[in-house]
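Data first, discussion second: the structure below is written as structure tokens.
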Protein chains: 2
Amino acid sequence: MDYTIIDIPKITDPRGNLAVVEKASIPFAIKRVYYLYDVPSESHRGGHAHKECYTMLIAISGSFIVQLNDGKTTTEVFLNKPAKGLIVPTMVWRELTDFSSGAVCLALASHDFSEEDYIRDFDKFKSLAAAHVKS
Amino acid sequence: MDYTIIDIPKITDPRGNLAVVEKASIPFAIKRVYYLYDVPSESHRGGHAHKECYTMLIAISGSFIVQLNDGKTTTEVFLNKPAKGLIVPTMVWRELTDFSSGAVCLALASHDFSEEDYIRDFDKFKSLAAAHVKS
């Protein structure tokens with residue numbers, strides 16, 4: 001399963017810690033920033049893949065689990081540290097689950113929004129992923 | 001005092017809210033993302049201005065106060081909503097204070113890091129701000 005955890009550079013300080021995501025620490029330019037908040041702890045989010053957009057997911061507060069599926073294998077990544085970034089590549093189905101109380105998921109995306117870049121149907125994703133592996 | 005609060009577009013959902021910062025909702029391209037976390041509630045952060053870099057500050061979790069000073073007047077902005085972004089323009093000294101427990105300050109910056117762009121001495125800031133107003 002193709003994913004990468006990045007150590008985001010941070011400056012630790014008794015007055016509070018500072019983490020910085022800039023071009024030296026992320027493999028793409030940031031075009032869009034979005035975040036999930038006020039998520040009930042029983043909630044389940046995500047359920048899509050991207051054709052071209054890379055995403056970095058960060059548990060900027062609290063924790064959650066990211067379930068990844070590349071069409072052949074699945075894995076789970078537990079995120080609970082603000083200075084760890086999970087890079088989700090293209091053609092990987094992701095779902096977010098097991099949010100802790102007060103958790104916030106920060107997402108940094110490599111592309112501007114385009115509905116055409118989203119795959120929102122899992123069966124369609126599986127057939128596209130199979131074709132993607134073959135090509 | 002020159003500052004702007006932006007309503008960040010959000011999609012409210014019982015499974016959690018999603019806020020999106022993209023080119024239509026922010027007056028600059030995002031070059032750098034940084035965030036303050038694990039901030040003790042008595043802490044005081046900030047104490048700098050930028051010559052060219054714009055910053056959007058967001059209370060992505062919890063709350064804090066942003067003290068702004070343009071060299072002539074000061075004001076305080078209380079941030080406590082994840083879908084409100086405070087645009088801090090150039091040549092404005094900012095300090096962050098009164099963090100709530102668990103607060104996280106997300107900052108989106110218009111420029112890559114450059115130490116030359118920072119003004120970290122308040123007296124120097126005041127003299128530069130006075131010259132800036134005259135010019």
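We use all heavy atoms of the structure for the numbers below, so side chains are in, but hydrogens, waters and symmetry mates are not. Lettering of chains follows the sequences in order, A, B, ..., and the numbering in each one begins at 1.
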A:Phe99 and B:Arg15, any side-chain heavy atoms less than 4.5 Å apart:
no

Would you please test A:Ile60 and B:Tyr35 for side-chain contact (heavy atoms from CB on, under 4.5 Å) and show each step?
CA-CA 8 Å; A:Ile60 198 168; B:Tyr35 40 96; 3.6 Å; yes

Scored by heavy-atom pairs under 4.5 Å with chain A, the best of B:Ser43, B:Pro82, B:Ala24 is B:Pro82

At a 4.5 Å cut-off on heavy atoms, which part of B:Ala29 comes close to chain A: side chain, backbone, both, or neither?
neither

Side chain, backbone, both or neither: which part of A:Ile26 has a heavy atom under 4.5 Å from chain B?
neither

Heavy-atom pair of closest approach, residues A:Glu22 and B:Arg32
OE1-CD, 3.3 Å

Taking every non-hydrogen pair under 4.5 Å, which of A:Ile58, A:Ile8, A:Asp13, A:Leu36 racks up the most with chain B?
A:Leu36

Heavy-atom contact with chain A under 4.5 Å, split by part of B:Pro9
neither

Minimal non-hydrogen separation, B:Gly16 against A:Arg45, with atom names:
O-NH1, 2.7 Å

Can you tell me which portion of A:Val104 sits under 4.5 Å from chain B's heavy atoms? Options are side chain, backbone, both or neither.
side chain

B:Ile11 portion near chain A, given a 4.5 angstrom heavy-atom threshold
neither

Please determine, among A:Leu108, A:Thr12, A:Val20, A:Val33, the option with the most heavy-atom pairs under 4.5 Å with chain B.
A:Val33

Between A:Tyr34 and B:Leu18, what is the shortest heavy-atom contact and its length?
CD1-CD1, 3.6 Å

Which atoms of B:Asn17 come close to chain A, meaning under 4.5 Å heavy atom to heavy atom: side chain ones, backbone ones, both, or neither?
both

Compare every heavy atom of B:Pro14 with every heavy atom of A:Pro40, then report the nearest pair and how far apart it is.
CG-O, 3.1 Å

State, yes or no, whether a side-chain contact exists between A:Lys10 and B:Tyr37 at a heavy-atom distance under 4.5 Å.
yes

